[in-house]
Amino acid sequence: MELRLYDTLTKEKRRFAPLDPANVRMYVCGPTVYDFAHIGNARPVIVFDVLFRLLRHLYGEAQVKYVRNITDVDDKINDRAARDYPGLPLNEAIRKVTEQTERQFHDDVDALGCLRPTVEPRATEHIGEMRSIIEKLVVGGFAYVEQDHVLFSPGAMNAANGVLPRYGSLANRSLDEMIAGARVDVAPYKRDATDFVLWKPSKPGEPSWPSPAGIATPGRPGWHIECSAMSWKHLGETFDIHGGGIDLVFPHHENEVAQSCCAFHTSRMAQTWMHNGFLQVEGEKMSKSLGNFITIRELLNDWPGEVIRLNMLKTHYRSPIDWTVKGLEESAKVLDGWYEFVGDIEPAENPDKIFVEALTEDLNTSAAIARLHQMAHPPVLEQMVLGVSMLGDRTGPDAQSHLKASAMLLGLLSRGNSERKKSLVENAGIDVEQINLLIHARASARAGKDWKESDRIRDELAAMGVVLKDGKDADGKPVTTWELAR
Ligand code: AMP
Ligand code: ZN
């Protein structure tokens with residue numbers, strides 16, 4: 001099956017052909033660990049988790065390597081550490097902040113059903129690789145030392161001949177425009193306004209490492225160099241897919257390309273650049289100042305992780321998402337319906353073909369989810385003319401097991417309905433034995449036409465948050481099932 005992906009660099013959907021199908025390599029920029037992640041940060045994690053799952057499905061689990069870094073050196077981390085642990089030496093305080101935030105991040109994205117990446121490298125463990133790239137750039141004439149800083153020069157890059165890409169080509173901006181748009185109060189250690197920091201001196205007490213390029217003062221890396229170093233170490237000089245949120249295209253990814261291509265004399269850092277759109281809340285940009293800032297943790301208090309995940313995937317990854325409570329309520333209903341439909345059936349060996357085709361078309365999760373709806377609700381007419389309809393034999397147990405296998409490829413419905421119910425019930429502090437006894441007593445009352453008693457039991461269960469549904473089994477005998485009320 002052919003996978004097509006939209007590439008931010010060439011601005012077109014292209015057939016994806018891995019450099020080495022036995023080693024498909026993807027890098028995604030991960031979190032800076034200083035605070036709880038917000039629901040916008042969850043978007044790239046979920047989107048690229050689906051891509052990871054799809055690549056594993058297409059190329060084999062052992063053939064895909066997914067690297068997502070952890071940025072554990074940053075001014076925001078230092079500020080937070082100084083604020084939260086004023087009595088501790090800064091380095092110790094920083095370790096506390098980063099370890100704790102990393103744990104929170106893992107708990108959050110685990111609850112959203114995301115697989116752990118193959119490698120999760122930390123910036124502070126790759127300072128050697130950063131220094132080595134910086135040395136290459138200085139030797140190659142792409143970077144220079146000034147006042148204990150090392151600066152990258154996009155001007156030098158664009159003046160060089162050969163295979164190198166043009167600086168600005170990923171973000172589709174020209175260097176002249178960038179120079180014209182740059183602010184006047186340029187830092188004194190920069191020769192040109194567009195030059196960016198690869199390495200800077202550390203203030204006393206701040207984390208510091210021996211500097212590259214003959215600088216005597218200890219220092220620390222700039223942000224962009226981290227990802228060039230970690231992707232190089234774990235994926236090589238060029239690899240297949242590089243992803244992140246749309247806000248990272250410029251300057252972060254543009255600068256990563258500049259560093260990596262100039263250091264390794266290559267024309268491409270990644271074959272395909274993928275960027276997810278932004279998440280808005282109730283029609284407004286999500287920001288701390290507007291007060292509409294929601295952490296993943298807060299949402300997980302109110303909604304199961306799967307509901308949040310489905311709600312995220314309903315929108316195509318490149319479109320903006322408007323995050324609303326109404327959307328979450330609808331997603332919860334859809335998931336309930338699917339769980340009821342599949343029950344505890346084992347997944348089919350393979351997911352549905354039309355479903356997978358939707359995903360291979362630039363990760364069209366909205367179309368894939370529409371296909372799941374169709375599988376869960378086969379149109380009546382198609383059931384009647386079964387065999388010739390596009391659903392083929394996808395009704396009954398076959399539809400259930402294929403829906404299950406397909407949803408699992410999206411990281412949904414990974415448990416059986418009984419298990420899900422059990423955990424919902426446990427979380428709600430409800431005793432299943434007691435419910436079953438009451439349902440049994442109600443059935444006896446109904447058999448004896450004692451409607452008053454039957455209603456009383458129904459009300460008693462309702463007060464416990466349990467809603468009854470009366471129906472018939474395959475033989476036409478009355479059966480009562482139950483759900484937790486929302
Ligand atoms: P940051 O911690 O700000 O570097 O962000 C981590 C990741 O989350 C990056 O890939 C960002 O592009 C992404 N991101 C941040 N805010 C949003 C948002 N509101 N919607 C979608 N992605 C976001
Ligand atoms: Zn990055």
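Counting convention: from 1, in listed order, for ligands and their atoms alike.
- Close contacts between ligand 1 and L279 involve ligand atoms 18 (C), 19 (N), 20 (N), 21 (C) [criterion: under 4.0 Å to a heavy atom].
- Counted by atom type alone, N78 and Y34 present zero donor-acceptor pairs between their side chains at under 3.5 Å.
- Distances below 4.0 Å separate heavy atoms of N276 from the following atoms of ligand 1: 21 (C), 22 (N).
- Using a 4.0 angstrom heavy-atom cutoff, H275 does not count as in contact with ligand 1.
- Closest protein heavy atom to atom 4 (O) of ligand 1: T32 OG1, 4.4 Å.
- Salt bridge D110/R116: present, at least one basic N to carboxylate O contact under 4.0 Å.
- For the pair D49 and R309, the salt-bridge criterion is met [side-chain N within less than 4.0 Å of a carboxylate O].
- Between the side chains of S260 and W232, no donor-acceptor pair is found at a separation under 3.5 Å.
- The nearest protein atom to atom 17 (C) of ligand 1, hydrogens excluded, is given as F278 CZ, 3.5 Å; this is a heavy-atom distance.
- The minimum distance between the Zn ion (ligand 2) and any N, O or S atom of H252 involves atom NE2.
- Listed by number with element, the atoms of ligand 1 under 4.0 Å from a non-hydrogen atom of G245 are 10 (O), 12 (O).
- Salt bridge absent: E357 and R371 never bring a charged side-chain N and a carboxylate O closer than 4.0 Å.
- When hydrogens are left out, the protein atom nearest atom 23 (C) of ligand 1 is G40 O, 3.3 Å; that is the closest non-hydrogen contact.
- Coordination check, H224 versus the Zn ion (ligand 2): failed, since every N/O/S atom of the residue sits at 2.8 Å or beyond.
- Of all atoms in ligand 1, numbered sequentially from 1 with element shown, those under 4.0 Å from a heavy atom of P44 are 7 (C), 8 (O), 10 (O), 13 (C), 22 (N).
- Among the backbone and side-chain atoms of E226, no N/O/S atom is found under 2.8 Å from the Zn ion (ligand 2).
- The atom of E256 nearest to the Zn ion (ligand 2) is OE2, with the search restricted to N, O or S atoms.
- Residue L248 has at least one heavy-atom neighbour below 4.0 Å for each of these atoms of ligand 1: 9 (C), 10 (O), 12 (O).
- Taking a cut-off of under 4.0 Å to the non-hydrogen atoms of G277, the atoms of ligand 1 that pass are 21 (C).
- Of the heavy atoms in H38, only side-chain atoms (C-beta onward) come closer than 4.0 Å to ligand 1.
- Residues E330 and K326 are paired through a salt bridge, judged by an N-O separation under 4.0 Å between the basic side chain and the carboxylate.
- Residue E226 is tested with T32, T71, T124 for a side-chain hydrogen bond (donor to acceptor under 3.5 Å, both in side chains); the sole match is T71.
- Under the 3.5 Å distance criterion, the side-chain polar atoms of E135 are matched with a main-chain donor or acceptor of A213.
- Angle subtended at the Zn ion (ligand 2) by C29 SG and C227 SG: 130°, rounded to 10 degrees.
- Using a 4.0 Å cut-off between charged side-chain N and carboxylate O, K65 and D240 make no salt bridge.
- For a threshold of 3.5 Å applied to N or O pairs, the pair formed by D247 and ligand 1 contains at least one separation below that value.
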E306 vs R420, salt bridge (charged side-chain N to carboxylate O under 4.0 Å, His left out): CA-CA, chis, key distance, verdict: CA-CA 11 Å; E306 271 191 312; R420 174 189 74 125; over 6 Å; no
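- Taking 4.0 Å as the cut-off between side-chain N and carboxylate O, D7 and R14 count as a salt-bridged pair.
- Residue, atom and distance of the protein heavy atom nearest to atom 1 (P) of ligand 1 are N41 ND2, 4.1 Å.
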